[in-house]
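By convention in this document, chain letters (A, B, ...) are assigned in the order of the sequence lines, proteins followed by strands, and residues within each chain are numbered from 1.
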There are 2 protein chains.
Amino acid sequence: MSKKPDLLPGTLDMLILKTLTRAPLHGYGIALSIKRSSENVLTVEEGSLYPALQRLLLQGWVKAEWKKTETNRRARYYTLTPAGRKQLGIELSQFEQMIAAIGRVLQDA
Amino acid sequence: MSKKPDLLPGTLDMLILKTLTRAPLHGYGIALSIKRSSENVLTVEEGSLYPALQRLLLQGWVKAEWKKTETNRRARYYTLTPAGRKQLGIELSQFEQMIAAIGRVLQDA
DNA sequence: TCCTATCCATAGAGTATCTATAGATAGAAC
DNA sequence: GTTCTATCTATAGATACTCTATGGATAGGA
């Protein structure tokens with residue numbers, strides 16, 4: 001039945017990295033944060049989120065640490081690394097270039 | 001060695017439909033048009049383009065006709081159908097909504 | 001005691017892209 | 001007249017990313 005994606009494919013890593021620039025967060029918190037700051041337009045499913053976090057860990061763009069949450073639960077907190085911050089910059093500029101280019105195509109008379 | 005895509009995944013169909021609102025074009029011409037109007041930022045590979053055109057045909061969003069080009073070559077011209085025009089409207093509004101939402105996440109302090 | 005929200009994670013399917021390849025021909029260059 | 005380049009179509013296979021669907025655990029409130 002092929003549903004439409006809840007976000008633009010290829011943008012999830014960038015959104016996660018950006019979210020982590022504010023503060024370390026656990027996976028669930030990242031998903032909530034993206035949903036909230038996008039005003040409920042973007043929904044990150046667990047089946048997208050956790051594989052994405054594994055990718056980011058593997059690339060060294062985030063690091064993870066088990067901690068207790070404020071509500072006394074066990075959770076894995078992800079922190080942006082310097083390499084991750086650099087990568088975010090790259091992805092941001094590529095994304096903006098893409099969007100600008102698409103905008104040109106769409107506005108072309 | 002896993003290269004980055006030449007366009008944002010999920011946007012190709014929209015770009016093709018938009019390109020065809022100006023005039024019917026053959027595949028090669030569509031690729032050139034997108035490349036040109038995006039100022040060489042977006043490149044549509046053949047392995048993406050022709051499968052996309054097959055999808056659009058199957059959905060009834062474009063129709064195809066074999067003709068001669070101005071340079072006397074045999075080529076398959078694609079024309080936007082009314083359903084395709086409607087679909088383009090849908091995709092445009094979804095895309096803009098996505099971009100706006102991503103923008104909110106990226107600008108969130 | 002049950003329910004809901006919070007938290008983690010993986011398996012499998014589907015979709016869309018890329019690279020690589022194959023083929024044909026018009027017209028220009030040589 | 002032969003070769004080269006640009007024009008044109010199309011498919012196969014690999015890869016990447018997302019989704020749906022699961023499975024599990026626990027804190028705190030009803």
> Atom CZ of B/Arg55 to atom P of C/dT15: distance rounded to whole Å?
10 Å

> Given atom CG of B/Leu53 and atom C1' of C/dA16, what is their separation to the nearest angstrom?
14 Å

> What residue pairs, at least two apart or across chains, pass salt bridge (charged side-chain N to carboxylate O under 4.0 Å, His left out) with a residue in residues 32-43 of chain B?
A/Arg104-B/Glu39

> For DNA chain D, which residues in residues 23-43 of chain B have a heavy atom at a distance below 4.0 Å?
B/His26, B/Gly27, B/Tyr28

> What closest approach, in Å, do A/Leu88 and A/Met14 show between heavy atoms, and which atom pair accounts for it?
CD1-O, 3.7 Å

> Report the distance from atom CG of A/Leu58 to atom P of D/dC17, rounded to the nearest whole Å.
12 Å

> Can you tell which of D/dA10, C/dC7, D/dT18 lies closest to the side chain of A/Glu46?
C/dC7

> Using a cut-off of strictly less than 4.0 Å between a heavy atom of the residue and any atom of DNA chain C, enumerate the qualifying residues of residues 86-97 of chain B by number.
none

> In whole angstrom, give the distance that lies between atom CD1 of A/Ile16 and atom C1' of D/dT18.
12 Å

> Give the nucleotide from the list D/dC19, D/dA27, D/dC8 with an atom nearest to the side chain of B/Thr71.
D/dC8

> Which whole-number value in Å describes the distance from A/Glu70 CD to D/dA27 P?
16 Å

> For residues 74-100 of chain B, pull every pair meeting salt bridge (charged side-chain N to carboxylate O under 4.0 Å, His left out), keeping only residues two or more places apart or in separate chains.
none

> Would you please confirm or rule out a distance under 4.0 Å between OP1 or OP2 of D/dC17 and any side-chain N or O of A/Thr11?
no

> Just compare C/dC7, D/dT20, D/dC8 and give me whichever is closest to any side-chain atom of A/Glu45.
D/dT20

> Please report the distance, rounded to the nearest Å, between CG in B/Leu8 and P in D/dA16.
18 Å

> How long is the line joining CG of B/Leu56 and P of D/dA10, in whole Å?
13 Å

> If you group Ile, Leu, Val, Met, Phe, Trp and Tyr whenever their side-chain heavy atoms sit less than 4.5 Å apart, what else falls in with A/Tyr28?
A/Leu32

> Taking the nucleotide of DNA chain D with the closest heavy atom to each, which residue, A/Gly47 or A/Lys68, is nearer the 5' end?
A/Gly47

> By nearest atom, which of the nucleotides C/dT17, C/dT10, D/dA10 is closest to the A/Gln54 side chain?
C/dT10

> With sequence neighbours left out, write down each residue that passes side-chain contact (heavy atoms from CB on, under 4.5 Å) with B/Thr69, or none if nothing qualifies.
B/His26, B/Thr71, B/Arg73, B/Ala75, B/Tyr77

> Of A/Leu7, A/Val41, A/Leu8, A/Ile34, which is the lone residue that meets side chain to side chain contact (heavy atoms under 4.5 Å, CB included) with B/Ile102?
A/Leu8

> Got a sec, which pairs hit ring-ring contact (aromatic ring centres under 6.0 Å, His included) with one end in residues 41-60 of chain B, sequence neighbours left out?
none

> Where the side chain of A/Trp66 is defined as all heavy atoms beyond and including C-beta, which of D/dA27, D/dT7, C/dA9 is the nearest nucleotide?
C/dA9

> Please determine, for the side chain of A/Pro5, which listed nucleotide (D/dC19, C/dT17, D/dT9) has the closest atom?
D/dC19

> If a pair satisfies salt bridge (charged side-chain N to carboxylate O under 4.0 Å, His left out) and one of its residues is in residues 57-72 of chain A, list it, with sequence neighbours excluded.
none

> Nearest of D/dA10, C/dA9, D/dC8 to any side-chain atom of B/Ala75?
D/dC8

> Over how many whole Å does the gap from A/Leu15 atom CG to D/dC17 atom C1' extend?
14 Å

> Does the side chain of A/Thr69 get closer than 4.0 angstrom to OP1 or OP2 of C/dC7 through an N or O atom?
yes

> Please set out all donor-acceptor pairs under 3.5 angstrom arising from side-chain atoms of residues 55-62 of chain B, sequence neighbours excluded.
from    : atom 1 : to      : atom 2 : distance (Å)
B/Arg55 : NE     : B/Asp13 : OD2    : 3.4
B/Arg55 : NH2    : B/Asp13 : OD1    : 2.8

> On DNA chain C, does the nearest nucleotide to B/Leu12 precede the nearest nucleotide to A/Arg74 from the 5' side, or the other way round? Give the residue.
A/Arg74

> Is there a side-chain contact between A/Ile30 and A/Leu53, using heavy atoms and a 4.5 Å cut-off?
yes

> Describe the nucleic acid contact of A/Ser48 in one word from base, sugar-phosphate, nothing, applying a heavy-atom distance below 4.0 Å.
base

